[in-house]
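In the text below, chain A, chain B and the rest are named by the order of the sequence lines, each starting its count at 1.
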Amino acid sequence: MSRQIVTRFAPSPTGMLHIGGVRTALFCWLFARKHGGRFILRIEDTDLSRSTDDNIRIIEEGMAWCGLDWDEGPVVGDASQWKGPHGPYRQMQRMDLYKAKIQELLDKNLAYRCRCSREAIEERRKTVEAAGKVFQYNRGLDAGKGCAAAHHDASQPAAIRFRMPESGDIVVPDLIKGDTRFPADSLDDWIIARTGDGPGEIGVPTYNFCVVVDDTHMQVTHVIRGDDHLNNTPKQIPLFAAFGYDLPAFAHVPMILGADGAKLSKRHGATSITEYQAMGLLPSAVRLALARLSWTPKIDGKAVESAEEELLTDEQMIQLFDLADCQKSAARFDMDKLQWLNQKLIQRSTWQELEPHLRPFVMEVSKGAWEAKSDVWKAQAIQCTQKGKSLTDMAEALRFAFERPAAFDEKAVEKFMTPVAKLALRDLAGLTDYSHEGLEAGFNAILERHGLKTKDLAQALRVALCGKPVSPGIYDTLMLVGRDEVLARLERWL
RNA sequence: GGGGCUAUCGUCUAGGGGUCAGGACACCGCCCUUUCACGGCGGUAACACGGGUUCAAAUCCCGUUAGCCCUACCA
């Protein structure tokens, strides 16, 4: 019988939630959901100097905004609580377990205390490199110079190193990259626990150690992570073996690069998930765009072949997701595609689906006036701006409905505010039926009376109402502004 | 320096010994149009380089180059 699939996302709370991390989390989430498994959120906060509670909150909020819900992990807003049977899910709260496991290795002589100071190691490194060799602790020219042979000065605090195999290859089986071999002699005895506070004490364990213990104790079956960790895996595999742990399956997903092919960083623009949120993107669009980087969904063995097929729902993504259809190479982040996806997804949403996402943006534009509007009004406002690329575009396109034009586009005034157009505008003030049909009928009657084309009146009206020749459909514009306000805005032109 | 990963239009990719090398985004053009958009139609554009193997290589092998990752008492 096969175990339930378990994946995990294990960020360290040392800054904002990076879009690359979100993508990794998304893959873990898709994989778990597809197989009816569990998805764990684990906080890797063993870097004491950089980890903060605030950053943990940022991770939790970012994940929640993206719709990546976790089955096990921290409970938002309460560090002492967690959900799931293998907690706690913050590594600093798991110290007792780590220390016990390290003691176990020490007892079996699979690890040893190291009292070499940084300075001493630096000096030995220089010696080795001066001889044209690569420095590796307790390897090659450095063999026998370290603490492996045990000259215990028990009165000194010590770090702890893991004894790595010295020969042969370490093979990393990987669902995306295939089997990857690492020569054991390219690795050395690495530190599993930092220098302790006092003699005989075990310090804070390091990342590569905690991952192995946690992934096993949390019963993770599939370790899906960024391929920057591929090189860490050969360090971890002998540790699994030392504990007698089963190896989980590994899948190292390619990195996301900036438009210029360099690692995605701040200078490329937005890297933090909250920035994407602020740009007026739908979380569903972010999910789709991120998923489509390095993953090609295949329907009956065939890659998606049309714009229509590109627009997968979450359900479809979950159903179609397969690590075998993932790219091995890094992908550049394409903002244009994200925006296109966003636009398409906005278009196919109902106004009710859109409203909660649009709300914060339009509340700002309207200074809170949005809230008081009727559902009928909101529906119309949303539907007539639903062609926008982003929620910010939509909110901006609605600004005219909430405030009078601060200025008038001079060129437009000159072009459209002709004497005859003003005459027509005067007639327009007489319209009382602000239903779509009523407006259309009244509009046409006025046009006929003055021998004008739709464009002539519509543009003059846009200028008068919005200050510029751009707005939603002219009847929508009139209805959203409302008769009283239309008359008020028209006054100065009559 | 050592080790690892990667390489098809500008971008994301399909294809994986014989294809006019396919699609999507972007871009360009035309059409539609009460503005801005949306939409419709069409177009430009790629197998990193060099050697092999083979009747035949984008596809298999080797090398080169380039990019990225690891090489921390960071994760």
Side-chain angles (χ1 to χ4, degrees), chain A residues 10-14 44-51 91 114 116-118 121 129 132-136 158-161 172 174 176-178 180-183 185-188 190-196 203-208 210-211 226-235 252 254-255 257 259 261-263 289 292-296 298 302-311 327-341 343 347 385-389 393 397 412 416 443 447 453-459 461-463 466 468-475 477:
Chain A
S12 48
T14 54
E44 311 227 324
D45 54 355
T46 57
D47 183 345
L48 269 21
S49 62
R50 295 192 298 157
S51 299
Q91 289 184 326
C114 171
C116 301
S117 66
R118 286 169 189 270
I121 287 179
E129 284 174 356
K133 301 283 188 189
V134 177
F135 176 81
Q136 295 176 91
I160 297 167
R161 287 183 187 267
V172 178
D174 191 284
I176 293 175
K177 306 277 185 182
T180 305
R181 316 187 91 81
F182 294 79
D185 62 13
S186 68
L187 279 349
D188 64 4
W190 51 281
I191 289 184
I192 56 178
R194 300 171 174 86
T195 298
V204 178
T206 57
Y207 163 79
N208 282 113
C210 298
V211 189
D227 72 6
D228 48 339
H229 287 296
L230 183 59
N231 300 279
N232 286 143
T233 314
K235 294 186 196 174
H252 288 94
M255 302 270 85
L257 274 20
K263 187 178 174 167
R292 291 303 323 275
L293 246 31
S294 307
W295 172 52
T296 305
K298 304 231 172 123
K302 275 206 68 190
V304 293
E305 273 282 289
S306 66
E308 191 57 34
E309 286 178 338
E310 292 267 353
L311 299 166
Q327 207 71 17
K328 293 178 180 175
S329 50
R332 301 183 189 209
F333 188 72
D334 186 356
M335 198 59 201
D336 285 334
K337 185 88 170 222
L338 207 203
Q339 241 144 14
W340 176 77
L341 252 15
Q343 183 174 42
Q347 282 174 15
T385 50
Q386 229 172 317
K387 311 279 187 212
K389 275 188 160 49
D393 284 357
F416 298 115
F443 216 79
L447 292 178
K453 300 198 166 192
T454 311
K455 181 181 191 169
D456 303 323
L457 218 205
Q459 290 304 78
L461 205 42
R462 285 192 168 94
V463 172
C466 313
K468 56 189 171 133
V470 178
S471 84
I474 198 63
Y475 307 133
T477 303

A.B. asks: Has A:S294 got a side-chain atom pairing as donor or acceptor with A:Q327's backbone, closer than 3.5 angstrom?
C.D. replies: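 Pair absent, no side-chain N/O of A:S294 close to backbone of A:Q327.
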A.B. asks: For a quick check of understanding: with a heavy-atom distance under 4.0 Å over all strands, which category does A:G473 fall into, base, sugar-phosphate or nothing?
C.D. replies: base
A.B. asks: For B:rC70, does the O4'-C1'-N9-C4 or O4'-C1'-N1-C2 angle fall within 90° of 0, making it syn, or is it anti?
C.D. replies: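 Anti conformation for B:rC70.
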A.B. asks: So, the side chain of A:T206 versus the backbone of A:I191: is there a donor-acceptor pair under 3.5 Å, distance only?
C.D. replies: yes
A.B. asks: Please step through side chain to side chain contact (heavy atoms under 4.5 Å, CB included) for the pair A:L230 and A:F182, ending with a clear verdict.
C.D. replies: CA-CA 10 Å; A:L230 183 59; A:F182 294 79; 4.3 Å; yes
A.B. asks: Which atoms form the tightest heavy-atom contact between A:D227 and A:P254, and what is the distance?
C.D. replies: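 Residues A:D227 and A:P254, closest heavy atoms: OD2-CA, 3.5 Å.
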A.B. asks: Using whole Å, what does the distance between atom P of nucleotide B:rU33 and atom CG of A:D456 come to?
C.D. replies: 16 Å
A.B. asks: Which pair of non-hydrogen atoms, one from A:C210 and one from A:T46, has the smallest distance, and what is that distance?
C.D. replies: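 Between these two residues, the closest heavy atoms are SG-CG2, 4.0 Å.
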A.B. asks: Return a single string for nucleotides 62-75 of chain B, one symbol per nucleotide in 5' to 3' order, where B is base contact, S is sugar-phosphate-only contact and - is none, cutoff 4.0 angstrom on heavy atoms.
C.D. replies: -----S-BSSSBBB
A.B. asks: Check whether A:D174 reaches the backbone of A:H252 with its side chain - one donor and one acceptor, N or O, closer than 3.5 Å.
C.D. replies: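 The answer is yes, because a donor-acceptor pair under 3.5 Å joins these two groups.
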A.B. asks: Does B:rC68 pair with anything, Watson-Crick or G-U wobble, both distances under 3.5 Å, and if so, with which nucleotide?
C.D. replies: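 Its partner is B:rG4 (Watson-Crick or G-U wobble, both distances under 3.5 Å).
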A.B. asks: Given the C1' atoms of B:rG52 and B:rC73, what is the spacing between them in whole Å?
C.D. replies: 49 Å
A.B. asks: Under a 3.5 Å limit for both distances, which nucleotide forms a Watson-Crick or G-U wobble pair with B:rG50, could you say?
C.D. replies: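 Base-paired to B:rC62.
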A.B. asks: Just to be sure I understand the rule, does A:S294 reach a base, reach only the sugar-phosphate, or reach nothing, if contact means heavy atoms closer than 4.0 Å?
C.D. replies: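 Result for A:S294 = sugar-phosphate.
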A.B. asks: Closer to the 5' end of RNA chain B via nearest nucleotide, is it A:S471 or A:T296?
C.D. replies: A:T296
A.B. asks: Which atoms form the tightest heavy-atom contact between A:T180 and A:K177, and what is the distance?
C.D. replies: OG1-CB, 4.3 Å
A.B. asks: Taking the C1' atom of each, how far is B:rG40 from B:rG4, in whole Å?
C.D. replies: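 The same atom, C1', in both gives a distance of 49 Å.
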A.B. asks: Roughly how many Å is it from CG in A:D174 to P in B:rU6, rounded to a whole number?
C.D. replies: 10 Å
A.B. asks: Testing the basics here: between A:G203 and A:A193, what is the closest heavy-atom pair and its distance to 0.1 Å?
C.D. replies: O-CB, 3.9 Å
A.B. asks: Partner of B:rC36 by Watson-Crick or G-U wobble geometry, both contacts under 3.5 Å, or none?
C.D. replies: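 In the structure as shown, B:rC36 has no Watson-Crick or wobble partner.
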A.B. asks: When we call it a touch if two heavy atoms are under 4.0 Å apart, what does A:K133 touch: a base, just sugar-phosphate, or nothing?
C.D. replies: nothing
A.B. asks: Determine the contact category for A:Q347: base if any of its heavy atoms lies under 4.0 Å from a base atom, sugar-phosphate if only primed atoms, P, OP1 or OP2 are that close, otherwise nothing.
C.D. replies: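 A:Q347: backbone/sugar contact only, no base atoms under 4.0 Å.
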A.B. asks: Ignoring hydrogens, what is the shortest heavy-atom contact between A:V211 and A:E44? Give both atom names and the distance.
C.D. replies: CG2-OE1, 4.2 Å
A.B. asks: Of the nucleotides B:rG4, B:rU34, B:rC36, which one has an atom closest to the side chain of A:R462?
C.D. replies: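 The nucleotide sitting nearest to the side chain is B:rU34.
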A.B. asks: A:Q339 CD to B:rA37 P: how many Å, rounded?
C.D. replies: 15 Å
A.B. asks: Side-chain N or O of A:T180 less than 4.0 angstrom from OP1 or OP2 on B:rG4?
C.D. replies: no
A.B. asks: Can you tell me the base-pairing partner of B:rA45? Count Watson-Crick or G-U wobble geometry only, both distances below 3.5 Å, and say none if there is no partner.
C.D. replies: none
A.B. asks: Over how many whole Å does the gap from A:R181 atom CZ to B:rG3 atom P extend?
C.D. replies: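 Computing the A:R181:CZ to B:rG3:P distance gives 16 Å.
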A.B. asks: Taking the same atom, P, in B:rG50 and in B:rU44, what whole-Å distance lies between them?
C.D. replies: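 Looking at atom P only, B:rG50 and B:rU44 are 26 Å apart.
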A.B. asks: What is the distance, to the nearest angstrom, from the CZ atom on A:F333 to the P atom on B:rU13?
C.D. replies: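 Atom-to-atom, A:F333 to B:rU13, this comes out as 13 Å.
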A.B. asks: Using Watson-Crick or G-U wobble geometry with both distances below 3.5 Å, tell me the partner of B:rC20, or none.
C.D. replies: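 Looking at the geometry, B:rC20 pairs with no nucleotide.
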A.B. asks: Which parts of nucleotides 22-29 of chain B does protein reach within less than 4.0 Å, heavy atoms only, written one letter per nucleotide 5' to 3' as B for base, S for sugar-phosphate only and - for none?
C.D. replies: SSBSS---
A.B. asks: For A:E309 and A:E305, indicate whether the former's side chain and the latter's backbone hold a donor-acceptor pair under 3.5 Å.
C.D. replies: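 Yes: the side chain of A:E309 pairs with the backbone of A:E305.
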A.B. asks: Heavy atoms only, 4.0 Å cut-off, all strands: where does A:Q386 land among base, sugar-phosphate and nothing?
C.D. replies: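 A:Q386: no heavy atom of the nucleic acid under 4.0 Å.
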A.B. asks: With heavy atoms under 4.0 Å as the rule, sort A:P469 into base, sugar-phosphate or nothing.
C.D. replies: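 Counting heavy atoms under 4.0 Å across all strands, the contact made by A:P469 includes a base.
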A.B. asks: Quick one: label A:P254 by what it contacts on the DNA or RNA (base, sugar-phosphate, nothing), any heavy atom closer than 4.0 Å.
C.D. replies: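 The answer is nothing, as A:P254 stays clear of every strand by at least 4.0 Å.
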A.B. asks: What distance, rounded to whole Å, do you find between the two C1' atoms, one in B:rC32 and one in B:rC41?
C.D. replies: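 The answer is 11 Å between these two C1' atoms.
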A.B. asks: Base, sugar-phosphate or nothing for A:S329? Non-hydrogen atoms, less than 4.0 Å.
C.D. replies: sugar-phosphate
A.B. asks: If you check the A:F182 side chain, which of B:rC12, B:rU34, B:rG3 turns out closest?
C.D. replies: B:rG3
A.B. asks: In whole angstrom, give me the gap between the P atoms of B:rU33 and B:rC49.
C.D. replies: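 These two P atoms come out 48 Å apart once rounded.
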A.B. asks: Closest nucleotide of RNA chain B for A:L293 versus for A:I474: which of these residues is on the 5' side?
C.D. replies: A:L293
A.B. asks: Provide the distance between the two P atoms, one in B:rA21 and one in B:rU59, to the nearest whole Å.
C.D. replies: 15 Å
A.B. asks: Could you work out the separation of B:rA46 and B:rA58 based on their P atoms and round it to a whole Å?
C.D. replies: 15 Å
A.B. asks: Taking A:Q347 for its side chain and A:Q386 for its backbone only, find out whether a donor-acceptor pair lies under 3.5 Å.
C.D. replies: no
A.B. asks: Rounded to the nearest Å, what distance is computed from the CD atom of residue A:Q327 to the C1' atom of nucleotide B:rC12?
C.D. replies: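 A:Q327 atom CD is separated from B:rC12 atom C1' by 9 Å.
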A.B. asks: Does any nucleotide pair with B:rC73 by Watson-Crick or G-U wobble geometry, both distances under 3.5 Å, and what is it?
C.D. replies: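 Across any shown strand, B:rC73 pairs with none.
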A.B. asks: Determine, for A:K337 against A:E310, whether the closest basic-nitrogen to carboxylate-oxygen distance falls under 4.0 angstrom.
C.D. replies: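 Yes, charged N to carboxylate O under 4.0 Å.
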A.B. asks: What's the gap between B:rG42 and B:rA24 when it is taken at their P atoms, as a whole Å value?
C.D. replies: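 Those two atoms are separated by 10 Å.
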A.B. asks: Search all heavy atoms of A:D185 against all heavy atoms of A:Q136 and return the closest pair with its distance.
C.D. replies: O-OE1, 3.0 Å
A.B. asks: Would you state whether a donor and an acceptor, one from the side chain of A:R332 and one from the base of B:rU11, lie under 3.5 Å apart?
C.D. replies: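 No, no donor-acceptor pair under 3.5 Å.
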